[in-house]
Number of protein chains: 2
Amino acid sequence: MTRNSQAPRIAKSRAGIRPRPGRTRSGNGNAHNDLMNGEIGLDALAGHAGYAVRRFQIWIFQDFIRTLGAVDIRPTQYSVMTVIGANPGLSQMAVAKRLGIERARLVHLLDSLEQRDLVSRVKSATDRRSHALHLTPRGKASLAQFKRLAAEHERHVAEKIGKDNREQLLRILSAFT
Amino acid sequence: MTRNSQAPRIAKSRAGIRPRPGRTRSGNGNAHNDLMNGEIGLDALAGHAGYAVRRFQIWIFQDFIRTLGAVDIRPTQYSVMTVIGANPGLSQMAVAKRLGIERARLVHLLDSLEQRDLVSRVKSATDRRSHALHLTPRGKASLAQFKRLAAEHERHVAEKIGKDNREQLLRILSAFT
DNA sequence: AACAATTGTTGTCGTCAACAACAATCTTCC
DNA sequence: GGAAGATTGTTGTTGACGACAACAATTGTT
């Protein structure tokens with residue numbers, strides 16, 4: 001990979017979107033095109049929670065990936081390590097269920113984390129089908145650093161939408177955690 | 001960016017990934033203990049806006065897709081049609097920028113919508129490189145129906161998180177639209 | 001012991017974002 | 001006026017991610 005894709009490269013923001021350098025003529029019936037002043041309306045989209053949430057989530061993930069770019073940890077990896085760290089010995093099935101991840105997907109995530117010596121799969125003594133997941137010593141130390149960086153990312157969120165708004169957001173969406 | 005990360009050459013040949021360390025201790029005597037009470041803590045994850053937003057976005061998209069399943073319209077398709085409907089004559093580049101979609105991705109989206117006779121690409125007279133996007137008559141009629149279904153979806157959101165909370169959410173995230 | 005369910009794993013398919021390269025076509029600058 | 005550079009739509013590749021299906025090993029259930 002070497003390239004994690006999704007590196008944000010925050011927009012260059014250049015000039016506004018000019019609809020067309022030339023004239024946007026071609027007299028179509030619609031005369032009220034706000035395109036002339038460079039504004040592109042969203043119409044009904046502005047009232048849809050899903051659209052705003054999607055855009056916000058993209059922004060948040062990009063900031064998270066950038067803030068934790070130095071340690072090469074993505075949001076999903078962070079969530080897996082956090083849950084394992086707080087609940088040592090969990091099975092892969094339990095982690096997958098708790099985080100809403102497919103267990104097939106978790107296999108690859110753990111392969112990666114295990115190769116980096118952050119997580120270890122210990123054969124369960126009580127159920128030889130399953131693995132008891134633990135953080136390695138290196139994983140524990142790393143997670144502490146990840147959490148510091150994640151807290152920094154969270155501060156970025158607070159700066160972006162406001163401290164109070166962030167707390168309201170967490171309260172409103174607390175049912176989804 | 002600039003991530004060296006790990007090599008992807010795992011591919012097949014699974015087998016010996018587990019280092020099988022001689023970790024004698026690590027009290028594996030109680031492997032699946034924490035599962036017994038069914039409670040799995042999220043630890044720091046509970047305080048991360050990104051995690052809650054991601055889970056919420058998954059829920060919202062699923063409800064949107066289900067609610068508009070009868071007409072086979074997905075959120076991104078709906079957003080494209082809404083913007084074109086509100087701003088006829090836009091170029092693909094302008095739509096892509098406004099919605100934060102890659103223009104390469106928009107090509108396929110428009111291919112699909114054009115095949116269904118919902119959107120038409122009209123060769124621009126002023127810039128022969130670009131296409132002026134319009135809704136077809138069928139597209140306009142369909143969009144009206146889509147909007148009714150989308151409004152129903154929005155009511156589901158209000159039921160899920162509460163009417164007032166939904167409005168606060170829209171207000172908090174208004175900067176991202 | 002026979003049968004059903006669970007766990008981890010592998011594999012496939014489809015969606016989606018980020019990039020790179022390209023032809024056709026402006027735009028700009030000399 | 002014409003060469004050089006930028007833009008638009010397009011195709012293709014890569015990687016992250018979710019949904020499923022199939023499988024071996026191992027429970028559990030009867």
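Chain identifiers are assigned alphabetically (A, B, ...) following the order of the sequence lines, protein sequences preceding nucleic acid strands; residue numbering begins at 1 within each chain.
With sequence neighbours excluded, no residue forms a side chain to side chain donor-acceptor pair (under 3.5 Å) with Gln57(B). Among residues two or more places apart in sequence or in another chain, the ring-ring contact (aromatic ring centres under 6.0 Å, His included) test is passed with Phe56(A) by Phe176(B).
Protein atom CE of Met93(B) is 15 Å distant from nucleotide atom C1' of dT25(C), rounded to whole Å. Per the geometry, CD belonging to Gln57(B) stands 13 Å off P belonging to dC17(D), to the nearest Å. Straight-line distance from the CD atom of Gln92(B) to the P atom of dC26(C): 15 Å, rounded to whole Å. In this structure, Arg103(B) atom CZ and dA17(C) atom P are separated by 15 Å, rounded to whole Å. Counting to the nearest Å, the P atom of dT15(C) and the CZ atom of Arg54(A) are 15 Å from each other. Here dA24(C) presents its P atom at 14 Å from NE2 of His131(B), a figure rounded to the nearest Å. One can place CG of Leu106(B) at 16 Å from P of dT15(C), the figure rounded to the nearest angstrom. Between the CD1 atom of Ile58(B) and the C1' atom of dT15(C) there is a distance of 13 Å, rounded to whole Å.
Residues Ile65(A) and Ile73(A) are not in side-chain contact: their nearest non-hydrogen atoms beyond the backbone lie 4.5 Å or more apart. In this structure the side chain of Lys123(B) never reaches within 4.5 angstrom of the side chain of Arg128(B), judged on heavy atoms. Residues Phe61(B) and Arg74(B) form no side-chain contact, since every pair of their non-hydrogen atoms from C-beta on lies 4.5 Å or further apart. Side-chain atoms of Ile58(B) and Asp63(B), non-hydrogen and from C-beta on, never get closer than 4.5 Å to each other.
In this pair, His48(B) and Phe64(A) present their aromatic rings perpendicular. The plane angle is above 60°, beyond the 30 to 60° band.
Arg105(B) comes within contact range of the sugar-phosphate backbone alone, with a heavy-atom separation under 4.0 Å but no base atom that close.
For Val107(B), whose side chain is taken as the heavy atoms from C-beta onward, the closest listed nucleotide among dT8(D), dT11(D), dC16(C) is dT11(D). Out of dG18(D), dA21(D), dG9(D), the shortest distance to the side chain of Ala104(A) is found at dA21(D). In this structure, of dA20(C), dC20(D), dG8(C), it is dC20(D) that holds the atom nearest to the side chain of Glu102(A).
Taken together through direct or relayed side-chain contacts under 4.5 Å among Ile, Leu, Val, Met, Phe, Trp and Tyr, Leu143(B) and Ile101(B) form part of one hydrophobic cluster. The hydrophobic clustering, which links ILVMFWY residues whose side-chain heavy atoms are closer than 4.5 Å, places Leu99(B) and Leu68(B) together.
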Filtered N/O pairs between nucleotides 24-27 of chain D and protein, under 3.5 Å:
unit_1, atom_1, unit_2, atom_2, d
dT27(D), OP1, Arg128(A), N, 3.1
dT27(D), OP2, Arg128(A), NH1, 3.2

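Interatomic distance, Ile161(B) CD1 to Ile60(B) CD1, rounded to the nearest 0.5 Å: 7.0 Å.
Ionic pairing of Arg171(B) and Glu167(B) is not present here: no N-O contact between side-chain nitrogen and carboxylate oxygen is shorter than 4.0 angstrom.
Heavy-atom distances under 4.0 Å link DNA chain D to Gln62(B) of residues 59-84 of chain B, given in residue order. For residues 108-122 of chain B, proximity to DNA chain D is found at Arg121(B), defined as any non-hydrogen atom under 4.0 angstrom from a strand atom.
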Distance-only donor-acceptor pairs under 3.5 Å for side chains of residues 111-120 of chain B, two or more places apart:
unit_1, atom_1, unit_2, atom_2, d
Asp111(B), OD1, Arg121(B), NH2, 2.2
Glu114(B), OE1, Arg121(B), NE, 3.0
Glu114(B), OE1, Arg121(B), NH2, 3.4
Glu114(B), OE2, Arg121(B), N, 3.0
Arg116(B), NH1, Asp72(B), O, 2.9
Arg116(B), NH2, Val71(B), O, 3.0
Arg116(B), NH2, Asp72(B), O, 3.3

